[in-house]
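Bear in mind the structure is a predicted one, so any value in this text is a computation, not a measurement. Each chain gets a letter, A, B and so on, in the order its sequence line appears, and its residues count up from 1. Worth knowing before you read on, the calculation uses all heavy atoms, side chains too, and leaves out hydrogens, waters and symmetry mates.
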2 protein chains.
Amino acid sequence: MKPPTQNRANQTLVLALLRSQQRFMRAMGPAFRSANLTASQWDTLETLSNKGPLSVNDLMRLTLSSSGNLDVVVKNLVQAGFIEKAVDEKDRRVRVLCLTSEGHQKVADFMPTHNRTLDEIFSHLNAQQKRETITILNRFRKALD
Amino acid sequence: MKPPTQNRANQTLVLALLRSQQRFMRAMGPAFRSANLTASQWDTLETLSNKGPLSVNDLMRLTLSSSGNLDVVVKNLVQAGFIEKAVDEKDRRVRVLCLTSEGHQKVADFMPTHNRTLDEIFSHLNAQQKRETITILNRFRKALD
DNA sequence: GTTATTTATCCCTATATAGGGATAATATCA
DNA sequence: TGATATTATCCCTATATAGGGATAAATAAC
């Protein structure tokens with residue numbers, strides 16, 4: 001006799017995760033659009049703002065994006081004037097990305113809007129509920145390693 | 001004096017959600033690729049399999065996709081021969097989508113692989129932990145309405 | 001020190017994704 | 001009925017996304 005499968009639970013879990021992310025992204029959409037940024041662009045700018053200059057490879061790991069993907073996002077951010085790409089003289093394979101002054105300004109400008117939008121989106125969750133959600137998601141992620 | 005902001009918690013929550021989804025999709029990638037399906041295509045096929053024939057609009061609501069998005073996914077699935085699109089004679093604006101026999105076969109073929117892959121991906125979560133994650137995510141989603 | 005391997009980046013292709021505008025069918029209302 | 005509004009779908013454009021292959025630089029092996 002086979003053990004009872006978790007198929008139903010697994011599928012429910014997948015749906016819960018994907019739909020949560022979709023709903024959140026939809027809710028964020030207008031704020032990003034009004035700032036002329038995409039979610040990925042903001043993710044990149046915010047990461048560079050927090051961590052300082054990073055190689056393409058480091059950024060790829062931090063944002064969990066693929067090479068072909070990040071390349072496009074970076075290209076559009078360079079073209080917009082928000083980041084610069086320079087050869088690392090210590091290892092000439094490496095390209096170091098850093099915010100331009102326009103990039104820093106953009107982060108400074110959008111951050112308040114971003115925070116306000118998140119506050120609105122999450123306004124029906126109290127601090128305790130947010131902590132619980134974070135804890136559960138961190139455990140979930142760790143289990144996927 | 002201003003109330004303490006939840007900015008840090010909000011940003012942590014966002015990161016936890018997005019990175020969880022990214023990690024999960026990465027883990028699923030190979031299985032989808034070996035079946036020559038994308039995640040969105042499978043989402044669509046599975047939904048049609050569960051719910052039966054649906055209008056484009058209904059499918060859009062169930063899969064939380066945008067019109068321009070679903071259009072592309074449906075086009076590729078029609079071209080692959082997995083679904084058919086027909087005019088609804090009761091309301092000639094509506095297109096009804098349904099699985100072809102090849103579509104039903106594809107769902108039947110891939111479902112075991114899909115279930116096995118989910119079992120592996122979630123192997124470090126027990127039944128209780130899965131339930132907790134589902135509960136928390138459902139609450140999260142409800143809070144976003 | 002030359003060869004092999006690894007690593008970092010970039011390019012190519014296919015598909016996904018979102019919003020907005022266009023179009024046609026339907027429903028509403030004066 | 002005729003004008004208007006709503007709805008369902010489709011199309012267009014820009015960007016994101018992933019994998020795989022190409023290339024160059026650096027490292028390791030011998």
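B:Val73 comes within 4.0 angstrom of sugar-phosphate atoms only, judged by non-hydrogen atoms across all strands, and of no base. Within 4.0 Å of B:Thr38, counting heavy atoms only, lie sugar-phosphate atoms of the nucleic acid but no base atom. Within 4.0 Å of A:Val56, counting heavy atoms only, lie sugar-phosphate atoms of the nucleic acid but no base atom.
Here the side chain of B:Asp91 is nearest to one of C:dA8, D:dT9, C:dA25, namely C:dA25. Distances were taken from every side-chain heavy atom of A:Ser55 (C-beta onward) to each of D:dC10, C:dT17, C:dT9; the shortest belongs to C:dT9. Of the candidates D:dA26, C:dT9, D:dC10, C:dT9 carries the atom nearest the A:Arg95 side chain, counting heavy atoms from C-beta on. Here D:dA16 is the nucleotide among C:dT26, C:dT9, D:dA16 with the atom lying nearest to any side-chain atom of A:Asn76. Residue A:Asn69 places its side chain closer to D:dT17 than to any other of D:dT17, D:dA26, D:dT9. In this structure, of C:dA18, C:dT9, D:dA16, it is C:dT9 that holds the atom nearest to the side chain of A:Val94.
Counting only N and O atoms by type, the side chains of A:Glu46 and A:Asn50 include no donor and acceptor under 3.5 Å apart. Judged purely by distance below 3.5 Å, without hydrogens or angles, the side chains of A:Asp119 and B:Asn10 pair a donor atom with an acceptor atom.
Distance A:Gln79 CD to D:dT15 C1': 12 Å, rounded to the nearest Å. Taking atom CD of residue A:Gln21 and atom P of nucleotide C:dA16, one finds them 16 Å apart after rounding to whole Å. When rounded to the nearest whole Å, the span between CG of A:Leu59 and P of C:dA8 equals 14 Å. Taking atom CE of residue A:Met60 and atom P of nucleotide D:dT17, one finds them 14 Å apart after rounding to whole Å. Rounded to a whole Å, the CZ atom of B:Arg33 is 7 Å from the C1' atom of D:dA18.
Checking the phosphate oxygens (OP1, OP2) of C:dA18, no side-chain nitrogen or oxygen of A:Gln22 falls inside 4.0 Å. Remark: B:Arg26 is in phosphate contact with D:dA18, judged by side-chain N or O atoms under 4.0 Å from OP1 or OP2. Contact annotation: B:Lys85 reaches the phosphate of D:dC10 (side-chain N/O to OP1 or OP2, under 4.0 Å).
Helix bend of the helix from C:dG1-D:dC30 to C:dA30-D:dT1: the angle between its two end axes, each built from five pairs, comes to 20° after rounding to 10°.
Comparing B:Asn57 and A:Ser65 against DNA chain D, the residue whose closest nucleotide sits nearer the 5' end is B:Asn57. Nearest-nucleotide positions on DNA chain D for A:Ser40 and A:Lys90 put A:Ser40 closer to the 5' end.
Side-chain atoms of B:Arg93 and base atoms of D:dT7 include a donor and an acceptor less than 3.5 Å apart. Taking only distance into account, the side chain of A:Ser67 never meets the base of D:dG19 through a donor-acceptor pair shorter than 3.5 Å.
Taking the six-membered ring where tryptophan is involved, the planes of B:Phe24 and B:Phe122 are essentially parallel, since the angle between them stays under 30° and well short of 60°.
In this structure, the side chain of A:Gln11 does not engage the main chain of A:Arg8 through any donor-acceptor pair within 3.5 Å.
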